[in-house]
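Sequence lines set the chain letters: A, B, ... in the order given, protein chains first and strands last, and positions in each chain run from 1.
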Amino acid sequence: MADITHWADVIADEVLEKGKRHLVATGITPSGHIHIGNMREVVTADVAYRALVDKGAEAEFIYIADTYDPLRKVYPFLDESYEEHVGKPLSEIPCPCGKHDDYAEHFLEPFLAALDHLGIHPRVYRADELYKDGAYVEAIKQSLVRKDEIAAILKKRSGKTPASTWSPFNPICNKCGKVNTTVVTGFDIDSETVDYECSCGDSGTVPMKGGGKLTWRVDWPARWKALGVTVEPFGKDHASRGGSYDTGQAIAKEIFGYEAPHPIIYEWIMLGKKGAMSSSTGVVVSISDMLKVVPPEVLRYLIIRTKPEKHIRFDPALPLLTLVDEFERLHSSDKATSYDKRMIELSHAAGLCHTDIPFKHMTTIYQVAAGDFDRIMNIVKRAGYDTSNEKCIRELVDNVGNWLEMYAPDNARFSVQEELPVSTATLNDLQRAFLKSFSQILDKSGEMSGEDYHNLVYSAKETDSEMNRMMADSMGVSTEELEVKPKDLFKAIYISVLGQSSGPKAGWFLSSLEKDFIVKRFREAAEYRP
RNA sequence: GGGCUCGUAGCUCAGUCAGGCAGAGCGUCUGGCUUUUAACCAGACGGCCUAGGGUUCAAAUCCCUACGAGCCCGCCA
């Protein structure tokens, strides 16, 4: 089989045939909690951008927040008092929590933080600022002048006839502040103003600069031209014939004289077994929820490994652990193909921190330490991991803690019992003799590694070992009579420490506990008589 | 009704653009590792590539049709 080229590189090659300078754009409307589908868009854009840069293109990456879009309705998470704001641009509505400058910023701020977390650093534009700075004025003029042509394009492509009062430009009413209740009654190209009537009864004049916005289907192509967008990913919803890319393409070419950007169409992300993610059906995982449990690199990997046009199935329970494992294995594998390496490279991105501690190991460490960060660090240090980047480790610890709490299946959970578990009563004489001997040997020895612990357990069945002799003595039998099954010994360890009959790999597990604790616990367990 | 995308092992998916022996990981099973596993190593099992036609020396791959899944054609990104 020929070498497989990663889709991002395929896209970059296609795009490079059109030219060497590129502007990769992405954008969404911060009207509510920004969900995971949007994350795919941004990661997709970032990867395309990186692939372009890697191939020597002069590329830039921008993110446009559609802060000037009107609020469509009072969403379930909003207070009823927002009724009066429906129809106003998001940037002109008060913040729901009062801590941000405006409504748009309230949802934008955590999203931008998430982007940073993922190692994605586009230049950020806010649509309201672009409008207020006059970036759209030229496009607004052209659109108003050639309104009928645009309407004809919309009709031809989408089959829908725009209303007679339709205008590509929606003024913001001076009185009620709404942008979707006004009708254009005239305009003046020289003074750059637009006249309107509003359903609230007001009428007046607004400047083209910051006095209103272009309707979406015109706004998009206008933006391409104004900013020079050449590559843009968008959801498949825009992609069909008669959709906004289709009309945008025509408007860009025929009205603004601009070639539409290279499209990257992506599919939705499905959640577990519940189906497509959609806000209307309530099947939603917000980005912040996602980042609570998934290390950023793995989230990137999840998106990067699948071609944009295929849907992604995301299951935050055990399959997540598999995904993390797969990523980490690929990361350290010497069998990785060039394709694998490329995926790892793209998952990495600048600005992400990485620790060499496997996620799965951390699930054990975390539970051994009962989530206490100082104790976790001690264990990590003892296990010989790199602890220089405490911030990264803390991120991993947070992910693991949240995962255990929110999604982990029961068999992945355990807790070291503070007190001797009552189930210790079920231990038999051999198991007690083992724990007693183990405790004594450990008491007089130095620090032991996971492997030391492992070997010590197995030494119990060797007739010439110290452990074997001590157990025989303790039980009052000869070493020949002693019949040891390691399985029972491991069971004794788990029961006395966790109160359950199985647990994480024992040697390694014991080495992450305090030695003194083990000595004491095993002695107590050996002596315990109900 | 019209359009777009997808359909490959039990699961998640590569491979389709550029036709050339049907692939990976996970799971399962077997064996091994000083027989604990949720760790590691080796191997095995696992397929009508959704179905039916067509083109071709040769089709998972290209063309047509059907079926299934998701989405769009509402100024809703």
Sugar-phosphate, base or nothing in reach of [X], heavy atoms under 4.0 Å:
{"X": "A:S244", "value": "nothing"}
{"X": "A:Y494", "value": "base"}
{"X": "A:R72", "value": "sugar-phosphate"}
{"X": "A:N180", "value": "nothing"}
{"X": "A:K360", "value": "sugar-phosphate"}

Side-chain donor/acceptor of A:D66 to base of B:A77, under 3.5 Å: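 Under the 3.5 Å cut-off, the side chain and the base do not form any donor-acceptor pair.
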
Donor/acceptor link under 3.5 angstrom from A:W166 side chain onto base of B:C75: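 Such a pair is found, so the answer is yes.
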
Flag, side chain of [X] to backbone of [Y], donor-acceptor distance under 3.5 Å:
{"X": "A:S244", "Y": "A:R217", "value": "no"}
{"X": "A:W7", "Y": "A:I304", "value": "yes"}
{"X": "A:E326", "Y": "A:T322", "value": "no"}

So does [X] get a side-chain nitrogen or oxygen closer than 4.0 Å to the phosphate oxygens (OP1/OP2) of [N]?
{"X": "A:K310", "N": "B:G7", "result": "yes"}
{"X": "A:K307", "N": "B:G15", "result": "yes"}
{"X": "A:W268", "N": "B:G70", "result": "no"}

If we take the [atom1] atom in both [N] and [M], what is their distance in whole Å?
{"N": "B:G7", "M": "B:A14", "atom1": "P", "answer": "8 Å"}
{"N": "B:G52", "M": "B:C26", "atom1": "P", "answer": "33 Å"}
{"N": "B:G54", "M": "B:G19", "atom1": "C1'", "answer": "15 Å"}
{"N": "B:C17", "M": "B:C64", "atom1": "P", "answer": "15 Å"}
{"N": "B:C62", "M": "B:A77", "atom1": "P", "answer": "34 Å"}
{"N": "B:C67", "M": "B:C29", "atom1": "P", "answer": "41 Å"}
{"N": "B:A42", "M": "B:A60", "atom1": "C1'", "answer": "31 Å"}
{"N": "B:G25", "M": "B:A39", "atom1": "P", "answer": "16 Å"}

Minimal non-hydrogen separation, A:P221 against A:G248, with atom names: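 Minimum heavy-atom separation between A:P221 and A:G248: CB-O, 3.5 Å.
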
Closest approach of A:P70 to A:L90 (non-hydrogen atoms, all atoms of both residues): C-CD2, 4.3 Å

Counting side-chain heavy atoms from CB outward, which of [options] is closest to [X]?
{"X": "A:T215", "options": "B:C75, B:A14, B:A77", "answer": "B:C75"}
{"X": "A:D69", "options": "B:A77, B:C13, B:G70", "answer": "B:A77"}
{"X": "A:T306", "options": "B:C13, B:A77, B:G70", "answer": "B:C13"}
{"X": "A:D237", "options": "B:C75, B:G70, B:C72", "answer": "B:C72"}

Any strand is fair game: report the nucleotide pairing with [N] by Watson-Crick or G-U wobble, both distances under 3.5 Å, or none.
{"N": "B:G1", "answer": "B:C73"}
{"N": "B:A38", "answer": "none"}
{"N": "B:C6", "answer": "B:G68"}
{"N": "B:A44", "answer": "B:U28"}
{"N": "B:C62", "answer": "B:G54"}

Any side-chain heavy-atom pair of A:L320 and A:Y407 under 4.5 Å: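 A:L320 does not reach A:Y407 side chain to side chain.
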
A:W403 and A:F359 aromatic ring geometry - parallel, tilted or perpendicular at 30°/60° bounds: perpendicular

A:V10 vs A:R217, nearer the 5' end of RNA chain B by closest nucleotide: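 By nearest-heavy-atom nucleotide position, the 5'-most residue is A:V10.
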
Earlier contact from the 5' end, RNA chain B, for A:R305 and A:G243: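 Mapping each residue to its closest nucleotide by heavy atoms, the 5'-most match is A:R305.
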
Write down the distance between [atom1] ([X]) and [atom2] ([N]), rounded to a whole number of angstrom.
{"X": "A:E17", "N": "B:C17", "atom1": "CD", "atom2": "C1'", "answer": "12 Å"}
{"X": "A:E232", "N": "B:A77", "atom1": "CD", "atom2": "P", "answer": "13 Å"}
{"X": "A:D246", "N": "B:A77", "atom1": "CG", "atom2": "C1'", "answer": "17 Å"}
{"X": "A:Y301", "N": "B:C26", "atom1": "OH", "atom2": "C1'", "answer": "11 Å"}
{"X": "A:W7", "N": "B:U16", "atom1": "CH2", "atom2": "P", "answer": "16 Å"}
{"X": "A:H238", "N": "B:A77", "atom1": "NE2", "atom2": "P", "answer": "7 Å"}
{"X": "A:E309", "N": "B:G15", "atom1": "CD", "atom2": "P", "answer": "9 Å"}
{"X": "A:K341", "N": "B:A24", "atom1": "NZ", "atom2": "C1'", "answer": "16 Å"}

Qualifying residue for side-chain contact (heavy atoms from CB on, under 4.5 Å) with A:I150, from A:L214, A:I255, A:T215: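 It is A:I255; the other options fail the test.
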
Centroid distance under 5.5 Å and plane angle under 30°, A:F490 vs B:U36: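 Check passed, A:F490 stacks on base of B:U36.
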
